[in-house]
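Accompanying notes for the structure given below.
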There are 2 protein chains.
Amino acid sequence: MPAAERRAMILDAARDLFGRQGYHGTTTDQIAKAAGISQPYVVRMFGAKETLFLEVLDATLATLVDAWRGTLDGLPSGADEHERARAIGEQFVDLAATRGLHTMLLQAFVSGAEPAIGRAAREGFLGIYRFLRDEAGIPDEQVQGFLGSGMIFSVMLAIDMPARFDDDEDAAALLRATFGEKCMQVVALARAAA
Amino acid sequence: MPAAERRAMILDAARDLFGRQGYHGTTTDQIAKAAGISQPYVVRMFGAKETLFLEVLDATLATLVDAWRGTLDGLPSGADEHERARAIGEQFVDLAATRGLHTMLLQAFVSGAEPAIGRAAREGFLGIYRFLRDEAGIPDEQVQGFLGSGMIFSVMLAIDMPARFDDDEDAAALLRATFGEKCMQVVALARAAA
DNA sequence: GTCTATACGGCGATAGAC
DNA sequence: GTCTATCGCCGTATAGAC
């Protein structure tokens with residue numbers, strides 16, 4: 001198999017595993033097994049586990065921003081900032097289909113104790129902010145609400161709250177409170193991705 | 001030293017370290033050194049690293065909820081839901097003085113791959129929701145905004161964004177966008193805690 | 001391009017003394 | 001209540017063959 005294709009497979013498997021278990025909680029052997037190759041080959045291909053994590057982070061951010069660009073391009077040119085925010089907000093939720101995307105970002109944000117990861121995570125967050133401000137044209141007053149709802153969605157995925165919707169009354173109430181009318185849709189999407 | 005006091009010291013040291021480095025990224029030896037005792041004694045006292053993490057999580061949630069109760073008690077009895085939300089929101093930021101509190105919670109939320117931690121994290125999140133709803137009387141419509149801004153604050157601490165306020169224009173813009181008027185105060189608090 | 005074998009360090013946990 | 005010594009496992013990384 002050509003190296004480029006192999007890399008993509010490894011990056012996909014690694015995003016899912018790093019997203020669920022974090023940087024230190026994931027072994028290169030788990031990633032290798034998920035990608036169907038040997039552990040030393042994973043290390044050989046990326047040099048070190050940390051480099052792999054950083055490449056996964058870059059790829060994940062690129063996937064997110066590319067998807068948002070596509071969403072904005074598909075919008076009628078007269079769309080105002082609320083419509084744009086709503087559209088990319090929905091796209092963010094839909095990206096749950098890309099397994100591990102949201103949790104991978106969250107894991108990067110909490111792995112700042114590794115200096116290189118901390119730098120990349122900070123820079124990645126700033127890249128998202130710049131995109132919202134400069135490309136999506138979201139005014140600063142709306143940024144907090146947008147980022148906040150994205151964070152809540154990501155954390156809900158991380159703690160697998162949507163799985164408890166049917167069994168736990170409070171879980172259902174919380175999901176309704178945080179996602180409002182879109183609750184059922186979000187829960188369905190999250191479950192399909194899990 | 002009496003066991004109870006020793007426990008409290010270990011729990012404090014562990015909260016800080018787990019908060020910065022996560023469950024898998026923190027060793028029982030680091031915690032022992034921070035608490036000034038030997039590594040086997042840490043394990044002996046809590047049985048296992050996982051038990052220690054779960055106890056730290058419980059203690060951290062208790063600290064948060066107790067602080068919030070105190071805040072609500074100090075409010076004039078006529079305070080409406082917006083005043084109550086504002087008061088406990090400020091208290092949440094002030095709790096940055098309790099080193100590692102916010103990041104510890106975040107770390108618990110992303111460590112759900114360990115079954116016992118996942119359960120405790122989910123239950124902890126629900127406990128926070130119940131407190132907001134039943135004790136603080138925050139209506140469901142306000143819950144998303146409240147939780148969202150709390151998440152953003154916690155993530156900003158985790159990636160050490162406040163430290164970049166002076167040097168990075170975009171970091172400053174992001175912090176202003178997410179914290180508004182309270183930005184300077186929040187940045188100062190976050191830095192004092194770091 | 002991919003594997004097997006393996007070195008090496010580190011970590012959680014146990015044993016047992018004081 | 002607290003320590004030292006230590007076991008055994010696991011994880012990353014390297015060497016080197018095919």
Side-chain angles (χ1 to χ4, degrees), chain A residues 1-57 100 104 107-108 110-111 113-118 120, chain B residues 1-57 104 107-108 110-118 120:
Chain A
M1 180 176 302
E5 202 174 327
R6 197 55 103 182
R7 281 184 86 86
M9 286 183 62
I10 299 175
L11 288 172
D12 262 24
R15 187 193 55 242
D16 182 32
L17 285 161
F18 280 139
R20 278 189 284 129
Q21 309 177 342
Y23 176 62
H24 291 287
T26 304
T27 69
T28 54
D29 193 52
Q30 289 175 326
I31 295 167
K33 287 211 166 64
I37 57 178
S38 71
Q39 180 270 331
Y41 191 35
V42 172
V43 175
R44 162 71 66 107
M45 189 161 260
F46 291 89
K49 181 183 172 181
E50 190 178 64
T51 319
L52 170 55
F53 188 89
L54 293 171
E55 288 205 28
V56 172
L57 176 54
M104 171 66 205
Q107 293 287 359
V110 300
S111 304
E114 303 289 323
I117 298 179
Chain B
M1 182 176 299
E5 201 174 328
R6 196 58 103 181
R7 281 183 86 86
M9 287 184 61
I10 299 176
L11 288 171
D12 263 24
R15 185 191 57 239
D16 182 33
L17 285 161
F18 280 138
R20 278 191 284 130
Q21 308 177 342
Y23 176 63
H24 290 288
T26 304
T27 69
T28 52
D29 193 52
Q30 288 175 328
I31 295 167
K33 289 212 165 63
I37 57 177
S38 71
Q39 180 268 333
Y41 192 36
V42 171
V43 175
R44 161 72 65 109
M45 188 161 262
F46 292 89
K49 181 183 172 181
E50 190 178 65
T51 318
L52 170 55
F53 187 88
L54 293 171
E55 288 205 29
V56 172
L57 176 54
M104 172 66 205
Q107 294 286 359
V110 301
S111 303
E114 303 290 322
I117 298 179

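Computed from a prediction, not measured in an experiment: that's the story for all the values here. Computed over heavy atoms, backbone and side chain alike; hydrogens, waters and symmetry mates excluded. Sequence lines set the chain letters: A, B, ... in the order given, protein chains first and strands last, and positions in each chain run from 1.
Between atom CG of residue B:Leu52 and atom OG1 of residue B:Thr28 there is a gap of 9.0 Å, rounded to the nearest 0.5 Å.
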For nucleotides 16-18 of chain C, give me every protein contact, N/O to N/O, under 3.5 Å, one pair per line with atom names.
| residue | atom | partner | partner atom | Å |
| --- | --- | --- | --- | --- |
| C:dG16 | O6 | B:Arg44 | NH2 | 3.2 |

Could I get a table of every N or O pair under 3.5 Å where one atom is in the protein and the other is in nucleotides 5-10 of chain D?
none

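One atom, NZ of B:Lys49, and another, P of C:dC11, lie 9 Å apart when rounded to the nearest Å. Look at OH on A:Tyr23: it is 8 Å from P on D:dT12, rounded to the nearest Å. Distance, B:Tyr41 OH to D:dC3 P: 8 Å, rounded to whole Å. Summarising the geometry, the separation between CD1 on B:Ile31 and C1' on C:dC11 is reported as 12 Å, rounded to the nearest angstrom. Separating the CZ atom of A:Phe46 from the P atom of C:dT2 is a distance of 12 Å, rounded to the nearest angstrom. To the nearest angstrom, P of D:dC3 lies 11 Å from CE of B:Met1. Rounded to whole angstrom, the span from the CG atom of B:Asp29 across to the P atom of C:dA13 amounts to 13 Å. Atom NE2 in A:His24 sits roughly 16 Å away from atom C1' in C:dG9 (whole-Å rounding).
At the heavy-atom level, A:Met45 lies nowhere under 4.0 Å from the strands shown.
Shown here for A:Leu17 and A:Ala34, the closest heavy-atom pair between the two residues is CD1-CB, 3.9 Å. Minimum heavy-atom separation, A:Phe18 to A:Met104: CB-SD, 3.6 Å. Of all heavy-atom pairs between B:Gln21 and A:Ala113, the closest is CG-CB, 3.9 Å.
Pairs passing the salt bridge (Lys or Arg N to Asp or Glu O under 4.0 Å) check and including a residue from residues 12-32 of chain A, sequence neighbours excluded, read A:Asp12-A:Arg15, A:Asp16-A:Arg20, A:Asp29-A:Lys33.
Residues passing the side chain to side chain contact (heavy atoms under 4.5 Å, CB included) test with A:Ala120, sequence neighbours excluded: A:Leu54, A:Leu57.
Contact check of residues 3-13 of chain A against DNA chain C (heavy atom, cut-off under 4.0 Å) returns A:Ala3, A:Arg6.
For the pair A:Gln30 (side chain) and A:Thr27 (backbone), a donor-acceptor distance under 3.5 Å is present.
Between B:Thr28 and C:dG12 there is a side-chain N or O to OP1 or OP2 distance below 4.0 Å.
Between the side chains of B:Glu114 and B:His24, at least one donor-acceptor pair of N or O atoms lies under 3.5 Å.
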Pair up each side-chain donor or acceptor in residues 40-49 of chain A with any protein partner under 3.5 Å, not counting sequence neighbours, and list the distances.
| residue | atom | partner | partner atom | Å |
| --- | --- | --- | --- | --- |
| A:Lys49 | NZ | A:Tyr23 | O | 2.9 |
| A:Lys49 | NZ | A:Thr26 | O | 2.7 |

